[in-house]
Engineer: 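Please read through the structure below; I'll follow up with questions.
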Amino acid sequence: MEIKGEIFRISGPVVTIQGVNTRMYDVVKIGNEGLMGEVIGIEGDKSIVQVYEETAGVRPGEPVENLGMPLSVELGPGLLKSIYDGIQRSLPILKDTMGDFIRRGVMIDGLDHEKPWEFKSSVKAGDKVSGGSVIGVVKETHNVDHKIMIPPNISGTVAEIKEGKFTVVDTICTLTNGTQIKMMHKWPVREPRPVSKKLPPNIPLITGQRILDGLFPVAKGGTAAIPGPFGSGKTVTQQQLAKWSDTEIVVYIGCGERGNEMADVLNEFPELEDPKTGRPLMERTVLIANTSNMPVAAREASVYTGITIAEYYRDMGYDVALMADSTSRWAEAMREISSRLEEMPGEEGYPAYLSARLSEFYERAGRVVSLGGLDGSITIIGAVSPPGGDFSEPVTQNTLRIVKVFWALDAKLAQKRHFPSINWLSSYSLYSKALSPWYDENVSPQWTDLRDDAMDLLQQEAELQDIVQLVGSDALPPDQQLTLEITRLIREFFLQQNAFHPIDTFCPMDKQYKLLDAIQKFSDKANAALESGVLIQDIITLKSKDELAKVRFEEDFDGSLKKVMDKMDKEFDSIKGESFADSATQEVE
Amino acid sequence: MTKEYKTITEIAGPLIFLEKTEPVGYNELVNINLPDGTTKRGQVLDTSHDIVVVQVFEGTGGLNRDCGVRFSGDTIKLPVSFDMLGRILSGSGDPLDGGPAIIPEDRLDIMGAAINPFSRMPPEDFIQTGISTIDGTNTLVRGQKLPIFSGSGLPHNEIALQIARQAKVPGSEEDFAVVFAAMGITHEEAQYFMHDFERTGALERAVVFLNLANDPAVERLITPRMALTAAEYLAYEHDMHVLVILTDITNYCEALRQMGAAREEVPGRRGYPGYMYTDLASLYERAGVIKGRKGSVTQFSILSMPGDDITHPIPDLSGYITEGQIVVSRELHMKGIYPPINVLPSLSRLMNSGIGEGHTREDHKAVSDQLYAAYAEGKDLRGLVAIVGKDALSDRDKKLLEFADMFEDRFVRQGPEEDRDIETTLSIGWELLAELPESLLVRIDNKYIEKYHPAHKK
């Protein structure tokens, strides 16, 4: 039927068009300026379109054209180092074409179609290939080999394969059935890319953040949520994860967040150094930035654009970390569009399909064997921003039903300047059990015990604190006072971590283990000393214990830890000596 | 030459509905001619072949079906010029001061456009407000948006004025301007602001937009956008550093709710429209610094929290967009402390990039953290004292308790005309910290203690 029609009605980002044949999710060009939109509903001969750009000044009767395909992203070499808006338009290129402010009506390709890449083939004529088969490699950035794969829905026998410098739109491979393969292909963002099988989540994502790796680990291919009332350090935590987690690729979606903060990310990322390679972190990062004042429909799409790019790299066999900051803004975009569509609202005005959309999104995480037989994973870390810090609101509740890890940021802790301000009492990780074998094997056989003990002590502390609030800490028996002292060590030396300190910002597993172990050793010695009659005050005032606090900042961690532990041994010996001397004198008297 | 339509079919609250029009653009400016010869203005909210919905800024009083409606074919634009400085304009941009109309150098769309995040410069220039609780513990930087969360009966206006008077970037004598937009404030409050601007000569460097309590509520929806358009013009075309004061955001949101109800939209939390977040973002996000341009727009909005409730949708959504907040406390105000800023729930998210060596002083962050932590603990102890009495406290706790009192009395309290520079603020901080045993100063590096602690300083 017709691919051209006209505008019937405009209400903000929602435009009704008529006289054109559409399918759901087809991309259409709207009006004289050719604004980009997506069909989200069909009523009789009219279709409802959400438009990704400002609609001010657009009139009924202006022309409409259906591009006949769903919203897609371009996948191929050149994604890394890119900074996109919600519909894969490069922000630096937008800046060059329309200045410092985002104007409308500009369509640009997601990838650079002119830039030549050096392609090395890994198949030969006569090889059978199918969706996901790797046919060659492009060195995309210094440390990332971009594997060129057969698009998922294609298979056949290689008739001809080339090698050398090509652009992403040049044909590099022809199949015997005539199909031409290019380095780039398009994939609709709302459709998950197929995999051959999903694997269990039994490898942790190491983040170098003690409270995360130590107490509430997330598995590679797992899902985690960071809720947080404003001002609780959510953004810093997410940025730390992006910088330090042990994944090959990072996709960061700034969805409906602050412009200045996004500017900070966009400025900081290119300057960050990848701790493992010494190369810029951007070389393995894709940034998607859609600030709160950019069009709301593009915000809705940004999450899908991000996850599709993540899936593409997962299919090459990479571990990908995807940060979505924040899914609440994404949900609000859905709510806004839903209300413009005059749909019957669900809870708090959110559409009834909120829960389905959230779970569909989180289901796209996972550790998988790709169609090409490679192991890859996507770990999703989604931020939620519950209004008023009220976790009972729909977005948080629906998210918690899906995700397996919950890092509860706490404004109270932030006020006490305890960072990262993740509340150890209300956070949880359902992966702890599944990951224990890994920790026991790769960190230390005692790891699980140490961790469980620490958690147990922190629980006890919470109970004791209630009593202290009433009667003061001096009224507690010495062993309970000691418990409080040990948990203080756990809180201040282990859980607190300074993201801005060059050494403390990243803490390898080995160091985490040694720190926990040192606290445990102190605890054992202190308990033993207490039993042998040493006064609690003498234990609490030990110098070495306070020095333990500073060890994590030292460049020579092992050396200074040893020094402190040696000193601790001596101090314990001396206070024990004193107490024996005391009791000896008393006996003599 | 535009056609005049006499096809109004319905008038509901601030909205009029028309039919049988030629195609009309979304967001287009509309002129409505009343039978008595007056003209009102409006904006297209929804347009289709069948029906056009217009919101009328000056209210629909006196309108009937005989009114003629003309569509301007253009979105709402503000005439801007450098000569706007020193002028007082209405909430829709018309002169109120008896002066001539503004001769435009340019006409700018008041809805503005989003700054490409890639073009933004992360803000990092320290602005000295002369108020210790802001400079010391919640530092404002150029390009930031930092609202004052206040309540009815609290001196937020005085604080805003003090900031407007004193704000400067130490060591630079660059062009500075204030754009002041009043939304639904009373005549008396407006007088108070105007009087102070005149008294201090600030008016010469200011553009004032006034939408008072008795002006139509719908107009409030365009007043802040006009103000921000003027601010952007001065900042990006005339290289000025503009401080925008918007008061009161709560009245703006009420107007938004009123419009939502008139359009029979599905309401969100507490009846506010579901798009309030995006709408507020379109105001707040018009602050910033752009790479390669000299000027900047800094926003200092006043928001009165209904019932002092910080979880109310207005402060809550604002807090998600703005880069922190300054919280005015009734408790401190009752104690007679001015400015009654409670530093504990206050926050400046951009503080860390604007302080330290090269911006303020190397020990700033440490001092701020330490003051904050000690005050938080001291304040907590007040609760305990109420139960067990002061005598039951340990010496350490007693010190902290005294510290909290001294902090409020010496650091928080200052005169409305007292302009403390950052050095003064930090040395008051150190004097207070010196009252605590040194072993409690765990958040300060030893090298700063040796250099700045009054007991070590020679």
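The structure presented is a predicted model; accordingly, all values stated were derived computationally and were not measured. Throughout, a chain's letter reflects where its sequence line sits, starting with A, and its residues are numbered from 1.
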Engineer: Could you look at B:Q144 and say if it's the side chain, the backbone, both or neither that has a heavy atom under 4.5 Å from chain A?
Structural biologist: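 B:Q144 touches chain A through backbone heavy atoms alone.
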Engineer: Relative to chain B, which segment of A:D100 carries a heavy atom at a distance below 4.5 Å: side chain, backbone, both, or neither?
Structural biologist: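 Both parts, heavy atoms under 4.5 Å.
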Engineer: Just say parallel, tilted or perpendicular for the rings of A:H501 and A:F553, cut-offs at 30° and 60°.
Structural biologist: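 The arrangement is tilted - the two ring planes meet at 30° to 60°.
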Engineer: Contact part of B:I321 toward chain A, heavy-atom cut-off under 4.5 Å: side chain, backbone, both or neither?
Structural biologist: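 Contact with chain A involves both backbone and side-chain atoms of B:I321.
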Engineer: Counting only heavy atoms not in B:K379, do more than 12 fall under 6.0 Å of its NZ?
Structural biologist: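 Enclosed: over 12 neighbouring heavy atoms sit under 6.0 Å from NZ of B:K379.
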Engineer: Any salt bridge between A:R59 and B:E28, counting N to O under 4.0 Å?
Structural biologist: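 B:E28 and A:R59: salt-bridged.
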Engineer: Between A:E332 and A:R329, is the closest basic N to carboxylate O distance under 4.0 Å?
Structural biologist: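 Yes, this pair counts.
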Engineer: Measure distances from A:I7 to the heavy atoms of chain B and classify the residue's part below 4.5 Å as side chain, backbone, both or neither.
Structural biologist: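 The answer is the backbone of A:I7.
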Engineer: For B:K291, does the NZ atom sit with more than 12 other heavy atoms under 6.0 Å from it, leaving out its own atoms?
Structural biologist: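 More than 12 within 6.0 Å, yes.
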Engineer: So for B:D309, is it side chain, backbone, both, or neither that comes closer than 4.5 Å to the heavy atoms of chain A?
Structural biologist: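 No part of it gets close to chain A.
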Engineer: Run the salt-bridge test on A:E336 and A:R299 with the 4.0 Å N-O cut-off and return the result as yes or no.
Structural biologist: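 No, this pair does not count.
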Engineer: What part of A:L266 gets within 4.5 angstrom of chain B, counting heavy atoms only: side chain, backbone, both, or neither?
Structural biologist: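 Side chain of A:L266 only, per the 4.5 Å heavy-atom cut-off to chain B.
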Engineer: Which region of A:I83, side chain (C-beta onward) or backbone (N, CA, C, O), has a non-hydrogen atom less than 4.5 Å from a non-hydrogen atom of chain B, or is it both or neither?
Structural biologist: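 Side chain only.
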